[in-house]
Amino acid sequence: MKQKNNTITILDIILALISMIQITLLVFQWIVQDDKINFYLFIINYFVIVFVMLCILKKGFTKHYLLFSFYLCFFVFLMGQKLFFVPWKENYNITRTFVETKLNTEQYTIFATLIFISIIVTYYTYFICVNKKWIIILKRKNRAIVKHNTTNLLPVIRIGFIYTFICALIMQLMIVIVKGRMVYTESYLINVEIPMMIKVGNYLFPFFALLYLSIKPPKNQVYIVLFLYVLVEGGIQLMQHRRALFATSILFAVWYLFQYNKIEKVDLKLILKMFGLLITFIALFYFVEEIRTIGGMGDSKNGIFSIIKKLMISTGGSDSVIANTIQKADKFPKNGFIYLLNPFVSNPVGNIFKILVTGISSGSYGQGMEYLLHNDDFSHWISFLTEESLYLSGHGMGSSYIAEIYLAMGIAGVILFASILARFIFFLQQLDLEQKNIFENIFIMFFVQQIFTLPRNGVFLWIDNFIYLLFGMILIYPFYYRYSKTKKTK
């Protein structure tokens, strides 16, 4: 007998009790401001996310894969690092990525509140959507099935995919070769000169990869396309020490295979395959960690615990962005909304208008003061305000959706965004790649990718890639209109 989504389990009860305890402590803490209570808030937040993930697994891993993956990334990027800073009681309010930042009692209360509401509001809003049967609306049962004949379009897609893959491979390798000769942090201070045709092909590669996958090609082609996609979008990034991109590209590949094979339940065989994949990831991450160690970024201990510790510390740390945003919110020269909405201005289209008006390109500068003078990029400004000398030497903190929202709208804004995000994840989870044209499928796959990177990304950092996606659609639409005939059936 299948378990219904609204069935209450012992895990749900435990999560509800833990959440009530946390809420009670938060209310009390906002009144008394006691360091001891902050430590309890720190510990309980870990119990909250662990039981949230256990509840999702109980309700169905594949059925709620996007939500589970989001929390997995949330844990790794925002919470995993601190697990290895012991003793916890002396380190719970300290973040160490970029610089060591110690939050005072009030600041850490804000931090713990932001983490808790980001976890719990997203979770409960998502399952309210499930229980309210929004799925009935999303499935549109009476919608006619649209069948697309993409056979004639496939040669065009293959040509575009192969060309852009070659461009992407060349560009990524050129960046690796040039920056590989430099100290790790110095590589962020320059822009590598790439021929324009190669650069355009590189930017269009994700579109053609998604376009190829959107037509649901034969299985052997699916694995080839996914492998090449993960290689360029994630694998080569490993050589640049950017393991998060590799991990998130793998999460996307797993989601697509679930969709392609219509997997609704994870069996033992699939678990063993995923375990083998996990071992492969650990080996690759270990290889990258050894490279960084040789480069002077760690010690030479090679024990498994030491490896995991290094990975969690170096891959995580986006909590430092949140902590420093709380601490330095009043130092930003402009209103928080300016930084939140900056991607709508600083993008390929906005840059063209800026060149026409001012004659200056926002993207022509490497990391540094010149870049700051011409951009309101949140990730650059928070790094600069946190430690100017480190920023100017090539170091950076990255971003976090929680930090951007908090700077713009405060705690209320984080609550609102968590609710919106939950509905968006639910919406994507209910969609499939059937009964839709290839452009709808591309949109679905594009936004699925953003879910995995969101905990360490800005809210609207996807705008750049979205513009290239639209440009690719404009290029391919005449061929689609000409060669892809459609028919509707009841």
Side-chain angles (χ1 to χ4, degrees), residues 15-53 70-71 73-75 77-83 85 88-89 91-95 97 101-126 128 316-330 332 336-337 339-340 378 382 386 397 399-422 454-456 458-459:
L15 176 60
L17 289 173
I18 294 174
S19 300
M20 290 172 64
I21 292 171
Q22 187 75 327
I23 291 171
T24 303
L25 286 175
L26 281 169
V27 172
F28 190 66
Q29 175 68 347
W30 278 100
I31 298 172
V32 302
Q33 290 296 306
D34 188 330
D35 283 333
K36 292 182 180 178
I37 296 178
N38 268 343
F39 177 66
Y40 296 138
L41 295 176
F42 164 77
I43 295 296
I44 293 174
N45 270 340
Y46 283 93
F47 280 100
V48 170
I49 194 166
V50 167
F51 275 94
V52 159
M53 295 174 74
F70 169 75
Y71 280 118
C73 294
F74 189 102
F75 176 81
F77 298 144
L78 297 177
M79 300 178 72
Q81 186 185 83
K82 278 189 178 177
L83 285 177
F85 292 146
W88 293 336
K89 198 164 187 177
N91 292 277
Y92 75 89
N93 61 342
I94 298 175
T95 60
T97 298
T101 301
K102 185 172 184 177
L103 300 178
N104 63 31
T105 305
E106 182 181 356
Q107 290 168 348
Y108 187 79
T109 302
I110 296 172
F111 179 87
T113 302
L114 295 178
I115 294 295
F116 174 70
I117 61 180
S118 297
I119 297 170
I120 214 67
V121 173
T122 303
Y123 175 80
Y124 280 115
T125 303
Y126 177 93
I128 286 173
S318 293
D319 58 337
S320 291
V321 181
I322 303 172
N324 282 282
T325 300
I326 294 170
Q327 196 174 78
K328 299 170 177 65
D330 59 346
F332 281 84
F337 275 102
Y339 305 99
L340 177 66
F378 173 81
I382 186 59
T386 299
M397 299 178 69
S399 188
S400 170
Y401 78 98
I402 298 174
E404 286 191 0
I405 293 294
Y406 173 74
L407 182 65
M409 295 181 283
I411 293 176
V414 176
I415 296 174
L416 176 62
F417 185 80
S419 178
I420 295 172
L421 175 62
L454 186 59
R456 62 176 292 142
V459 179

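Residue numbers count from 1 along this sequence.
Contact annotation: the side chain of Gln29 approaches that of Thr105 to within less than 4.5 Å [non-hydrogen atoms, C-beta and beyond]. The closest side-chain heavy-atom distance from Leu15 to Tyr124 is below 4.5 Å. Contact of the Ile23 side chain with the Ile120 side chain is not registered, since no non-hydrogen atoms from C-beta on lie closer than 4.5 Å. Put simply, the side chain of Phe75 reaches to within 4.5 Å of the side chain of Leu83, judged on heavy atoms. You'll find the side chain of Thr325 reaches within 4.5 Å of the side chain of Phe378, heavy atoms only. Under the 4.5 Å side-chain criterion, counting only non-hydrogen atoms from C-beta, Leu26 is not in contact with Ile117.
Under a 3.5 Å cut-off, the side chain of Asn91 and the backbone N or O of Ile94 do not form any donor-acceptor pair. Here the side chain of Gln327 pairs a donor or acceptor atom with the backbone of Lys102 at under 3.5 angstrom. Side-chain N or O atoms of Tyr71 include one that pairs as donor or acceptor with a backbone N or O of Tyr123 at under 3.5 Å.
Among all heavy-atom pairs drawn from Met79 and Asn45, the shortest one is CE-O, 3.7 Å. Closest approach of Ser19 and Phe116 over heavy atoms only: O-CZ, 3.8 Å. The two atoms that bring Trp30 and Gln33 nearest to each other are CA-NE2, 3.7 Å, heavy atoms only. The minimum heavy-atom distance between Leu103 and Tyr108, with the atom names listed, is CB-N, 3.8 Å. Across Arg456 and Ser318, no two heavy atoms sit closer than the pair CB-OG, 3.4 Å. Of all the heavy atoms in Ser400 and Pro455, the pair that sits closest is OG-O, 3.4 Å.
Atom CG in Leu454 sits 5.5 Å away from atom CZ in Phe70 (nearest 0.5 Å). The distance from the CD atom of Gln22 to the CD1 atom of Ile43 is 10.5 Å, given to the nearest 0.5 Å. Summarising the geometry, atom CD1 belonging to Ile44 is positioned 15.0 Å from atom CD1 belonging to Ile115; distances are rounded to the nearest 0.5 Å. In this structure, Thr101 OG1 and Asn324 CG are separated by 3.5 Å, a value rounded to the nearest 0.5 Å.
Evaluation of the side chain to side chain donor-acceptor pair (under 3.5 Å) rule for Asn93 yields no partner, not counting sequence neighbours. Not a single side chain to side chain donor-acceptor pair (under 3.5 Å) links Thr125 to another residue, sequence neighbours left out.
Judged by distance alone, the side chains of Thr95 and Asp319 never bring a donor and an acceptor atom under 3.5 Å apart. Side-chain contact check for Asn38 and Thr109: at least one donor-acceptor pair (N or O, by modelled atom type) lies under 3.5 Å.
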Under 3.5 Å, sequence neighbours excluded: what are the donor-acceptor pairs made by side chains of residues 401-420?
residue	atom	partner	partner atom	Å
Glu404	OE1	Val459	N	3.1
Glu404	OE2	Ser399	OG	3.1
Ser419	OG	Arg423	NH1	2.4

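More than 12 heavy atoms of other residues, nucleotides or ligands lie within 6.0 Å of CZ in Phe39, so this atom counts as buried by the packing criterion. For OH of Tyr40, the number of neighbouring non-hydrogen atoms (other residues, nucleotides, ligands) closer than 6.0 Å is 12 at most.
Using the six-membered ring where Trp is involved, Tyr46 and Phe42 have ring planes that are perpendicular, over 60° apart on the 30 and 60° scheme.
A cation-pi geometry, defined here as NZ or CZ lying under 6.0 Å from the six-membered ring centre and within 45° of its normal, holds between Lys82 and Phe111.
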